[in-house]
Amino acid sequence: MLLPSALLVFGAGSWGTALALVLARQHYPVYLWGKNPDHVRTMQEQRCNARFLPNAAFPDNLQAVTDFATLMPAVQDIIIVVPSHGFRETLQKIKPYVTSQHRLCWATKGLEYQTGLLLHEVARAELGENIPLAVLSGPSFASEVAAALPTAVTIATNDTAYARHLAQLFHHSSFRAYTSNDMVGVQIGGAVKNVIAIATGIADGLKMGANTRAALITRGLSEIVRLGTALGGQRETFMGLAGLGDLVLTCTDNQSRNRRFGYYLAQGTDITSAQAQVGQVVEGVHAATITHQLAQKHAVEMPIVEHVNHVLTGQCTLLEAAQALLAREPKPEM
Ligand SMILES: NC(=O)C1=CN([C@@H]2O[C@H](COP(=O)(O)OP(=O)(O)OC[C@H]3O[C@@H](n4cnc5c(N)ncnc54)[C@H](O)[C@@H]3O)[C@@H](O)[C@H]2O)C=CC1
Ligand SMILES: O=C(CO)COP(=O)(O)O
């Protein structure tokens with residue numbers, strides 16, 4: 001097994017901090033890089049991330065930092081947990097310091113907005129073919145992970161040794177990592193469930209009932225499977241933690257920012273105010289547009305995604321979207 005040295009986590013939001021805590025609880029030296037120097041200083045002074053996870057104290061082996069360049073030679077494992085809109089920018093920052101000793105894993109859930117690329121394609125474009133890549137995804141609210149409540153995720157990579165290494169690195173009595181070789185499936189599951197969560201938030205906000213919610217989750221899963229397999233993902237992946245698992249979590253619990261965002265829209269809040277009300281990243285907004293474009297490009301039918309995108313781009317109202325979905329021609333379920 002590859003031996004871990006210090007670990008460097010990029011992104012001091014709720015999820016980056018929670019994953020840094022998981023690793024620090026395993027007694028590895030962990031550095032949590034944040035973009036905002038004031039926030040990093042406050043985290044170091046208070047020994048917690050009061051902004052996102054106020055109840056999770058930092059152990060001594062977890063340090064918040066703004067300077068990563070001097071740490072890079074001492075680090076093998078880099079974990080990126082910034083929102084998808086900052087993914088390429090983060091790669092470009094670290095690129096001058098990346099060597100063949102490094103391995104990159106990310107826990108960002110999304111696609112690149114400007115290009116529609118999956119994040120492994122962005123990583124390969126920026127860092128080349130020589131470093132192992134992996135993605136961590138699954139049903140995992142940051143606050144529950146920070147509170148050490150039992151959580152299981154999937155780590156997908158094409159490199160078997162790296163998969164074993166990462167699963168061991170994250171393995172903890174309350175955190176379990178399963179391995180997969182399906183990077184495409186795991187990324188599509190993680191990105192598109194956010195769009196379906198917006199749809200269920202809207203439906204629940206409009207008081208459409210539990211039957212509607214279950215229908216959206218199930219038909220949403222069909223859409224994810226259709227797109228994911230068209231892009232080369234494996235059908236079984238979508239029945240696992242990074243597919244169905246995360247879809248159910250995000251669509252049914254109000255800890256989900258995407259679900260809450262949809263709920264606020266249904267209360268009549270406009271898009272900008274709903275995002276402000278959530279106060280954290282809502283990945284499904286960009287994902288709706290990119291997923292709709294990908295579906296068109298690959299001739300995949302994704303009516304829920306299409307109508308969420310229409311709502312978010314002002315092409316129809318919430319009620320028009322609901323009516324249009326219900327008015328679709330009867331057809332076989334599969
Ligand atoms: N919070 C959660 O429970 C989970 C989040 N995720 C994913 O993790 C990613 C990060 O989300 P959260 O930490 O929850 O977001 P957050 O909203 O809690 O925090 C976002 C953080 O990213 C920083 N940031 C924004 N733009 C940046 C950039 N260009 N470069 C570097 N840092 C930047 C912000 O300063 C902030 O600290 C998202 O893709 C999300 O879908 C995945 C699983 C669970
Ligand atoms: O991905 C998540 C849990 O697995 C978090 O979902 P939200 O971004 O909707 O809060």
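Both ligands and their constituent atoms are indexed starting at 1 by order of listing. Just so we're clear, the structure is a prediction, and the values are computed from it rather than from any experiment. In what follows, every heavy atom counts, from backbone to side chain, and hydrogens, waters and symmetry copies are set aside.
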Which heavy-atom pair separates Pro59 from Arg47 by the least distance, and what is that distance?
O-NH2, 2.9 Å
Test: Arg176 cationic atom under 6.0 Å from Tyr178 six-membered ring centre, within 45° of axis
yes
Heavy atom under 4.0 Å from ligand 1: found in Ala12's side chain, backbone, both, or neither?
backbone
Would you indicate whether the side-chain heavy atoms of Leu136 and Leu166 approach each other to under 4.5 Å?
no
Which of the numbered atoms in ligand 1 are under 4.0 angstrom from any heavy atom belonging to Trp33?
31 (C)
Can you name the atoms of ligand 1, numbered from 1 with element, that are less than 4.0 Å from a heavy atom of Ala142?
1 (N), 2 (C), 3 (O)
Would you call Lys193-Glu283 a salt bridge at under 4.0 Å N-O?
no
Does this structure show an ion pair linking Glu129 with Arg124, if we count only N-O contacts that are shorter than 4.0 Å?
yes
From Phe52, Phe10, Phe87, Trp15 - option closest to atom 4 (C) of ligand 1 by heavy atom:
Trp15
Please check atom 34 (C) of ligand 1 for a protein heavy-atom neighbour under 4.0 Å.
no
Can you find a non-hydrogen atom of His39 under 4.0 Å from ligand 1?
no
Lys35 and ligand 1 - part of the residue with a heavy-atom distance under 4.0 Å
side chain
Can you report which non-hydrogen protein atom sits closest to atom 31 (C) of ligand 1, along with the distance?
Val82 CG1, 3.4 Å
Applying a heavy-atom cut-off of 4.0 Å, say which part of Gln255 lies close to ligand 1: side chain, backbone, both or neither.
neither
Ligand-residue contact atoms, ligand 1 with Ala107, heavy atoms, under 4.0 Å
7 (C), 8 (O), 42 (C)
The closest protein heavy-atom partner of atom 26 (N) of ligand 1 is His85 CE1, 3.4 Å
Contact atoms of ligand 1, heavy-atom distance to Phe141 under 4.0 Å
3 (O)
Which ligand 1 atoms, with their elements, are less than 4.0 angstrom from a heavy-atom of Ser140?
3 (O), 43 (C), 44 (C)
Taking only heavy atoms of Glu89 into account, list the atoms of ligand 1 that are under 4.0 Å away from them.
29 (N)
Please check this pair: side chain of Thr200 against backbone of Ala197, looking for a donor-acceptor N/O pair closer than 3.5 Å.
yes
Ignoring hydrogens and angles, tell me if any N or O in the side chain of Thr269 forms a donor-acceptor pair with the backbone of Tyr264 under 3.5 Å.
yes
Using a 4.5 Å cut-off on heavy atoms from C-beta on, say whether the side chain of Val153 contacts that of Phe175.
yes
Under 3.5 Å, side chain of Thr151 to main-chain N/O of Leu149, donor-acceptor pair present?
yes
Could you give me the CA-CA distance, side-chain angles and deciding distance for Trp33 and Val9, then say whether side-chain contact (heavy atoms from CB on, under 4.5 Å) is met?
CA-CA 6 Å; Trp33 175 88; Val9 178; over 6 Å; no
Taking the six-membered ring for Trp, are the ring centroids of Phe10 and Phe68 within less than 6.0 Å of each other?
yes
Under the side-chain contact (heavy atoms from CB on, under 4.5 Å) rule, what do Val135 and Ile155 come out as? Steps first, then yes or no, please.
CA-CA 6 Å; Val135 53; Ile155 291 176; over 6 Å; no
Check each of Gly13, Gly86, Ala287 against atom 21 (C) of ligand 1 and report the one with the nearest heavy atom.
Gly13
If you define the side chain from C-beta out and look only at heavy atoms, does anything of Leu32 sit under 4.5 Å from Gln63?
no
Just list the N/O pairs, ligand 2 to protein, that are under 3.5 Å apart, with the distance for each.
unit_1	atom_1	unit_2	atom_2	d
ligand 2	1 (O)	Lys109	NZ	2.8
ligand 2	1 (O)	Lys193	NZ	2.7
ligand 2	4 (O)	Lys109	NZ	2.8
ligand 2	4 (O)	Gly138	O	3.1
ligand 2	4 (O)	Ser140	N	3.0
ligand 2	4 (O)	Asp246	OD1	2.7
ligand 2	6 (O)	Lys193	NZ	3.3
ligand 2	8 (O)	Arg257	NE	3.2
ligand 2	8 (O)	Arg257	NH2	3.0
ligand 2	8 (O)	Asn258	ND2	3.2
ligand 2	9 (O)	Ser256	OG	2.7
ligand 2	9 (O)	Arg257	N	3.2
ligand 2	9 (O)	Asn258	N	3.1
ligand 2	9 (O)	Asn258	ND2	2.8
ligand 2	10 (O)	Arg257	N	2.8
ligand 2	10 (O)	Arg257	NE	2.6

Answer yes or no: does an N/O atom from Lys109 fall short of 3.5 Å to an N/O atom of ligand 1?
yes
Starting from atom 24 (N) of ligand 1, find the nearest protein heavy-atom neighbour and note its residue, name and distance.
Pro83 CD, 3.8 Å
Indicate yes or no: does Arg213 engage Asp204 in a salt bridge with an N to O separation below 4.0 Å.
yes
Heavy-atom proximity to atom 17 (O) of ligand 1, best of Val278, Val281, Val40:
Val281
Check whether any side-chain heavy atom of His165 sits under 4.5 Å from a side-chain heavy atom of Arg103, and report yes or no.
yes
Within the structure, does Ser14 bring an N/O atom to less than 3.5 angstrom of an N/O atom in ligand 1?
yes
At a 4.0 Å threshold, what atoms of ligand 1 neighbour a non-hydrogen atom of Gln280?
16 (P), 17 (O), 18 (O)
Do NZ/NE/NH1/NH2 and the carboxylate oxygens of Glu126 and Lys93 come within less than 4.0 Å?
no
Nearest protein heavy atom to atom 10 (C) of ligand 1, by residue and atom, and its distance?
Val81 O, 3.4 Å
I need the Asp182 CG to Glu236 CD distance, nearest 0.5 Å.
8.0 Å
Decide whether an N or O pair under 3.5 Å exists between Arg51 and ligand 1.
no
Tell me, please: is Thr108 in heavy-atom contact with ligand 1, that is, under 4.0 Å?
yes
Would you say Arg257 touches ligand 1, if touching means a heavy atom closer than 4.0 Å?
yes
Nitrogen or oxygen of Glu283 less than 3.5 angstrom from that of ligand 1
yes
Taking the side chain as C-beta and beyond, is there a heavy-atom pair between Gln187 and Lys109 under 4.5 Å?
no
